[in-house]
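Notes to accompany the following structure.
Letters A, B, ... are given to chains in the order of the sequence lines, protein chains preceding strands, and every chain is numbered from 1. Everything numeric in this text was worked out from a predicted model, so none of it was measured.
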2 protein chains.
Amino acid sequence: MAKKPIELGEAELAVMRALWDHGAQTVREVMNRLHERGKNVAYTTVLTFLTRLEQKGVVASDKRDQAYVYKARISRQSVTISRIRSLVDQLYDGAAAPMLAQLIENERFTPDEISQLRKLIDDLDPKHPSKGE
Amino acid sequence: MAKKPIELGEAELAVMRALWDHGAQTVREVMNRLHERGKNVAYTTVLTFLTRLEQKGVVASDKRDQAYVYKARISRQSVTISRIRSLVDQLYDGAAAPMLAQLIENERFTPDEISQLRKLIDDLDPKHPSKGE
DNA sequence: AACTTCCTACGACATCGGTAGTAGAAGGGC
DNA sequence: GCCCTTCTACTACCGATGTCGTAGGAAGTT
């Protein structure tokens, strides 16, 4: 069977972000990160999230001193990939290229991003090795 | 105020797809599309979705003969963009490039798709005009 | 020991999304 | 007129998510 796609809500994702951005933390620390970002959630709310996330298997906890320290067990990348994947499947029948084309045409990119993008594309194409330089 | 991002669930999106792929349809037709795709939902379920989608303002209905005909009021593109944007905002603080890198590295593209993508990029970049033509 | 502070466990509650049953209107057939 | 089919309107229900409050333990302060 395929690995069940782990569903993460928006607020749960914000918690994951705190862990990705600042490493393993206690409930209180995560709460502070969220507050810094303008999410004024209650301590117990954060605790609930972390608990649920642990049940989902995406974070792990470790008792240290008085409090548990939580750390992410999945990467930001894996979440990105799975989100994109499901979007592509749902809206473009799995064909990523048309979707990417949409993005390229509609997003505003800085010149810098554009060259990065080109490099990425070039790396896919053996005929255009963007090596050297 | 900013336009509130319209939230569409997975099943709602499947309904939108039916409308995008096959144009304006009645409840029954949409249901048939979904069945064709393996989603065996009840007629009333589809009706509920369409009703809710209309309340959300993303579809419009039009009484024709006996039944209402529903049509999409937002494009597949706009949904794509808004989804990706929220993903980018949530996971990469709005920086699209790193996310695109993820996307590009993990999807498979045909040579043909690759050149099309390159062309799109070249069109964005004044320094690399995708030559005359 | 009493007080204060912080931590976790549990329970609660609202909203939303997915799913569907029932009821009642509307039209076609005989 | 009566029946069958089809449509829409309502209502309901469950699980997931977002958000907390309360209770009770552990630990540091005096």
Length of the [atom1]-[atom2] vector between [X] and [N], whole Å:
| X | N | atom1 | atom2 | value |
| --- | --- | --- | --- | --- |
| A:Met31 | D:dG21 | CE | P | 13 Å |
| A:Met16 | D:dG18 | CE | P | 13 Å |
| A:Gln25 | C:dC6 | CD | P | 18 Å |
| B:Leu13 | C:dG18 | CG | C1' | 14 Å |
| A:Leu47 | C:dG11 | CG | P | 14 Å |
| A:Asn32 | C:dC6 | CG | C1' | 13 Å |
| B:Asn40 | C:dT19 | CG | P | 11 Å |
| B:Glu54 | D:dC10 | CD | P | 13 Å |

Among the nucleotides [options], which one has an atom lying closest to any side-chain atom of [X]?
| X | options | value |
| --- | --- | --- |
| B:Glu7 | C:dG17, D:dT8, D:dG18 | C:dG17 |
| B:Phe49 | C:dG18, D:dT8, D:dT19 | C:dG18 |
| A:Tyr68 | D:dT8, D:dT19, C:dT8 | C:dT8 |
| B:Arg52 | C:dT19, D:dT8, D:dT17 | C:dT19 |
| A:Glu12 | C:dT19, D:dT17, C:dC7 | D:dT17 |

Do any side-chain nitrogens or oxygens of [X] fall under 4.0 Å of OP1 or OP2 in [N]?
| X | N | value |
| --- | --- | --- |
| B:Tyr43 | D:dC7 | yes |
| B:Lys39 | C:dT19 | yes |
| A:Arg28 | C:dC6 | no |
| B:Thr45 | C:dG18 | no |

Exercise: identify the closest heavy-atom pair between A:Thr26 and A:Ala67:
CG2-CB, 4.2 Å
Kindly say whether, by distance alone, the side chain of A:Thr44 makes a donor-acceptor pair under 3.5 Å with the base of D:dG21?
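Donor-acceptor pair under 3.5 Å: yes.
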Record whether the side chain of A:Thr48 comes under 3.5 Å of the base of D:dC20 through a donor-acceptor pair of N or O atoms.
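Checked by distance alone, the answer is yes.
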Report the residue (A:Lys56 or A:Gln66) whose heavy-atom-nearest nucleotide on DNA chain D is the more 5′ of the two.
A:Lys56
Keeping the roles fixed (side chain from B:His22, backbone from B:Arg33), state whether a donor-acceptor pair exists under 3.5 Å.
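Side chain of B:His22 to backbone of B:Arg33: no pair is present.
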Would you find a donor on one side and an acceptor on the other, under 3.5 Å apart, between the side chain of A:Ser78 and the backbone of A:Ile74?
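Pair absent, no side-chain N/O of A:Ser78 close to backbone of A:Ile74.
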Show your working on salt bridge (Lys or Arg N to Asp or Glu O under 4.0 Å) between B:Asp93 and A:Arg17 and close with a plain yes or no.
CA-CA 10 Å; B:Asp93 266 323; A:Arg17 270 213 61 163; 3.0 Å; yes
Donor + acceptor pair across side chains of A:Ser61, A:Glu54 (<3.5 Å):
yes
